[in-house]
S.K.: 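Please see the structure below; I have some questions.
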Amino acid sequence: MLDGKKTLFSGMQATGNLTLGNYLGALKNWVSISDEYNCFYSVVDLHSITVRQDPATLRKRARTLLTLYIAAGLDPVKNCIYYQSHVSAHAELAWILDCFTYMGELSRMTQFKDKAAKHADNINAGLFTYPVLMAADILLYQADVVPVGIDQMQHLEITRDIAQRFNSVYGEVFTIPEAYIGKVGAKIMSLQDPSKKMSKSDENPNGSIYLMDDKDTIMRKCKRAVTDSVSVIRYTDEQPGLKNLIDIYSACTGRKPDEVVKEFDGRGYGDFKMAVGAAVAQILVPLQIEQARLAADKAYVDGIIKENAEKASYYAGKTLRKVQKKIGFPERVR
Ligand code: TYM
């Protein structure tokens with residue numbers, strides 16, 4: 001608890017092109033609940049290098065992501081928006097927590113299994129211990145709540161397990177965090193295969209709407225979205241493609257799925273797809289314009305980066321020192 005408010009932590013990887021799933025499943029919720037908490041939003045660039053990255057591209061994407069956080073409505077004065085790599089405590093705590101995490105539990109992580117299958121030529125130790133670094137991110141700030149999409153639930157559970165294990169040995173060192181999952185948009189599926197989540201790494205670019213897609217591209221991708229031959233607008237698991245489009249429309253417009261069904265009752269899929277595309281564009285286009293405006297103001301963005309790295313380092317340092325003391329590392333001589 002900081003200044004009477006609970007603490008929130010979340011982060012996104014600066015890898016690949018961010019998708020509408022990242023926005024609706026995470027960023028949008030971050031903005032809607034940020035006033036209630038002391039918030040730390042990190043661009044988790046340390047996590048990004050579990051997969052090979054081109055240095056210039058990584059640097060550029062990390063900056064774009066940081067400015068997107070702000071463009072989406074996160075006030076960088078009230079919220080601590082920073083690069084994970086600027087706060088060395090993340091890597092230090094991750095090492096300590098590695099020693100409280102079992103190989104067995106890490107090998108059960110779905111994301112590890114998926115990524116290992118996708119990058120069979122580079123199954124590095126970082127990919128394996130990725131969830132421990134994520135636990136360190138969250139626990140360093142004593143976060144009470146972590147807003148994420150459903151795909152990150154397993155990582156949240158292991159974070160809680162590690163924290164509880166540590167606390168059971170050393171006392172109440174870490175706050176046990178809770179996941180915050182939004183009511184709609186927590187799992188946006190691919191437009192081309194509604195059995196798979198919409199993902200930055202999908203080989204088929206038509207399956208994902210990228211946050212930087214222009215209006216024509218958004219409309220084209222929605223028009224081509226896979227649906228079914230039932231030809232009736234209903235919100236049911238038996239029509240997964242349509243259900244996903246209703247979720248998207250619902251998350252973009254704030255209308256409940258049953259209201260959407262009523263609104264489009266008796267109309268064709270073609271009409272509905274165009275309405276979905278327009279609703280998505282209405283959110284993404286202003287976001288892109290604001291991101292570009294911010295990105296052009298180098299001095300302003302640099303100032304935020306500097307100040308927030310200091311702020312994050314201060315809070316992270318406090319927890320790290322507490323942990324080091326509990327463990328029995330010798331105190332520094334000043
Ligand atoms: P990442 O970068 O893959 O995704 C960022 C956020 O977007 C959500 N998300 C989705 N939500 C709904 N539908 C989708 N199709 C979809 N795809 C992605 C994710 O659930 C996530 O909330 N390991 C994390 C990053 C991370 C982190 C953390 C998150 C590192 N440390 C600490 C929270 C707290 C990741 O790879 O997210």
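Note that the structure is predicted; figures quoted are calculated from it, not measured. Both counts, for ligands and for their atoms, begin at 1 and track the order of listing. We count residues from 1, following the sequence as given.
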S.K.: Of all the atoms in ligand 1, which lie at a distance below 4.0 Å from a heavy atom belonging to A26?
M.R.: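 Checking each atom against A26, I get 6 (C), 7 (O), 22 (O).
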
S.K.: Just one of Y83, W95, Y315, Y141 clears the ring pair (Phe, Tyr, Trp, His ring centres under 6.0 Å) bar with H90, so which one?
M.R.: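 The passing option is Y141.
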
S.K.: With heavy-atom distances below 4.0 Å as the criterion, list the atoms of ligand 1 near G25.
M.R.: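 Ligand 1 atoms under the 4.0 Å threshold to G25: 11 (N), 12 (C).
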
S.K.: For ligand 1, is any non-hydrogen atom under 4.0 Å from V44's backbone (N, CA, C, O), its side chain (CB onward), both, or neither?
M.R.: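 The side chain, only.
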
S.K.: Can you tell me if P131 has a non-hydrogen atom under 4.0 Å from ligand 1?
M.R.: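 No, that is not the case, since the closest heavy atom of the residue is not under 4.0 Å from the ligand.
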
S.K.: Dump the intermediate steps for side chain to side chain donor-acceptor pair (under 3.5 Å) on Y249 and E263, then the final yes or no.
M.R.: CA-CA 11 Å; Y249 188 76; E263 183 185 342; 3.2 Å; yes

S.K.: Give a yes/no verdict on a cation-pi contact between K326 and Y170, requiring under 6.0 Å between NZ or CZ and the six-membered ring centre and an angle within 45° of the axis.
M.R.: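 Ring-cation test returns no.
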
S.K.: For the residue pair F264 and F272, is the inter-centroid distance of their aromatic rings smaller than 6.0 Å?
M.R.: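 Yes, ring centres under 6.0 Å apart.
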
S.K.: For atom 29 (C) of ligand 1, what's the nearest protein heavy-atom neighbour? Residue, atom name and distance, please.
M.R.: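 Answer for atom 29 (C) of ligand 1: G11 O, 3.4 Å.
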
S.K.: Would you mind finding which of A186, A251, A14 brings a heavy atom closest to atom 12 (C) of ligand 1?
M.R.: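 It is A186 that holds the nearest heavy atom.
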
S.K.: Can you tell which of D151, L8, V148 gets a heavy atom nearest to atom 19 (C) of ligand 1?
M.R.: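 Ranked by closest heavy atom to atom 19 (C) of ligand 1, first place is D151.
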
S.K.: What's the verdict on salt bridge (Lys or Arg N to Asp or Glu O under 4.0 Å) for K118 and E203, showing C-alpha distance, side-chain angles and the deciding distance?
M.R.: CA-CA 11 Å; K118 235 179 219 165; E203 276 133 37; 5.9 Å; no

S.K.: Closer than 3.5 angstrom, by distance alone: can the side chain of N308 be matched with the main-chain N or O of P76 as a donor-acceptor pair?
M.R.: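 Side chain of N308 to backbone of P76: a pair is present.
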
S.K.: So does V44 get a backbone contact from the side chain of Q13, meaning a donor-acceptor N/O pair under 3.5 Å?
M.R.: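 No; judged by distance alone, with no hydrogens or angles, the pair does not exist.
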
S.K.: Under 3.5 Å, N or O to N or O, is S10 touching ligand 1 that way?
M.R.: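 N/O-N/O distance under 3.5 Å: no.
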
S.K.: Around atom 23 (N) of ligand 1, find the nearest protein heavy atom and jot down its residue, atom name and distance.
M.R.: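 Protein heavy atom with the smallest distance to atom 23 (N) of ligand 1: Y130 OH, 2.6 Å.
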
S.K.: Considering non-hydrogen atoms of the protein only, which is the closest contact for atom 28 (C) of ligand 1, and what is the distance?
M.R.: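 Here the nearest protein heavy atom works out to M134 CG, 3.4 Å.
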
S.K.: Give the atom numbers and elements of ligand 1 that come within less than 4.0 Å of a heavy atom of G185.
M.R.: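 Per the distance check, 12 (C).
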
S.K.: Would you check if the side chain of S250 reaches a backbone N or O of R255 as a donor-acceptor pair within less than 3.5 Å?
M.R.: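 Checking the backbone N and O of R255 against the side chain of S250, a donor-acceptor pair under 3.5 Å is found.
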
S.K.: Considering only protein heavy atoms, which is closest to atom 30 (C) of ligand 1, and at what distance to one decimal place?
M.R.: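 Closest protein heavy atom to atom 30 (C) of ligand 1: H47 CE1, 3.4 Å.
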
S.K.: Which heavy atom of the protein is the closest neighbour of atom 5 (C) of ligand 1, given with residue, atom name and distance?
M.R.: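 Of the protein heavy atoms, M12 CG, 3.2 Å lies nearest.
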
S.K.: Which atoms from ligand 1 have a heavy atom of Q13 less than 4.0 Å away?
M.R.: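 That gives atoms 2 (O), 36 (O) of ligand 1.
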
S.K.: Kindly say whether S190 contributes a backbone atom to a donor-acceptor pair with the side chain of D193 at under 3.5 angstrom?
M.R.: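 Not at all, since once roles are kept as given, no pair shorter than 3.5 Å links the two residues.
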
S.K.: Against heavy atoms of Q152, which atoms of ligand 1 measure under 4.0 Å?
M.R.: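 This gives 19 (C), 20 (O), 21 (C), 23 (N), 24 (C), 35 (C), 36 (O), 37 (O) as the contact atoms.
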
S.K.: Within ligand 1, which atoms have a heavy atom of V146 less than 4.0 Å away?
M.R.: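 Answer, ordered by atom number: 33 (C), 34 (C).
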
S.K.: Return a yes/no value for P147: is any of its N or O atoms, backbone included, closer than 3.5 angstrom to an N or O of ligand 1?
M.R.: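 No, no N or O pair falls under 3.5 Å.
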
S.K.: As an exercise, identify every atom of ligand 1 less than 4.0 angstrom from a heavy atom of I138.
M.R.: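 Listed by number with element, the hits are 32 (C), 34 (C).
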
S.K.: What are the two closest heavy atoms between I209 and L191, and how far apart are they?
M.R.: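 Between these two residues, the closest heavy atoms are CG1-CD1, 3.8 Å.
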
S.K.: Can you tell me which residue and heavy atom of the protein come closest to atom 32 (C) of ligand 1, and the distance to 0.1 Å?
M.R.: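 Looking at atom 32 (C) of ligand 1, the protein heavy atom closest to it is F9 CE2, 3.4 Å.
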
S.K.: Can any side-chain N or O of N22 pair as donor or acceptor with the backbone N or O of M12 at less than 3.5 Å?
M.R.: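 Here the side-chain-to-backbone pair does not exist.
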
S.K.: Less than 4.0 Å is my threshold; does some heavy atom of K200 fall inside it relative to ligand 1?
M.R.: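 Yes, K200 has heavy atoms under 4.0 Å from ligand 1.
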
S.K.: At under 4.0 Å between heavy atoms, is it the side chain or the backbone of T15 that contacts ligand 1, or both, or neither?
M.R.: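 None of T15 does.
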
S.K.: Is ligand 1 under 4.0 Å from a heavy atom in the side chain of M189, in the backbone, in both, or in neither?
M.R.: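 Answer for M189: neither.
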
S.K.: Ion pair present between E307 and K311, side-chain N to carboxylate O less than 4.0 angstrom?
M.R.: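 No, this pair does not count.
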
S.K.: Tell me: protein heavy atom nearest atom 10 (C) of ligand 1, and distance?
M.R.: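 Here the closest protein heavy atom is G21 O, 3.3 Å.
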
S.K.: Judged by atom type as modelled, is there a donor-acceptor pair below 3.5 Å linking the side chain of Q164 to the main-chain atoms of I176?
M.R.: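 No, the answer is negative, given that no donor and acceptor are paired below the 3.5 Å cut-off.
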
S.K.: Take K243 and E238 through the salt bridge (Lys or Arg N to Asp or Glu O under 4.0 Å) test and state the conclusion after the steps.
M.R.: CA-CA 9 Å; K243 185 170 186 236; E238 278 139 43; over 6 Å; no

S.K.: Give me the ring orientation class for Y130 and H155: parallel if the planes are under 30° apart, tilted from 30 to 60°, perpendicular past 60°.
M.R.: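 Tilted, since the angle between the ring planes falls between 30° and 60°.
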
S.K.: Any idea which protein heavy atom is nearest atom 4 (O) of ligand 1, and the distance to it?
M.R.: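 Atom 4 (O) of ligand 1 sits closest to the protein heavy atom N22 ND2, 3.2 Å.
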
S.K.: Show which atoms of ligand 1 fall inside a sub-4.0 Å distance from at least one heavy-atom site of K187.
M.R.: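 The atoms of ligand 1 under 4.0 Å from a heavy atom of K187 are 12 (C), 13 (N).
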
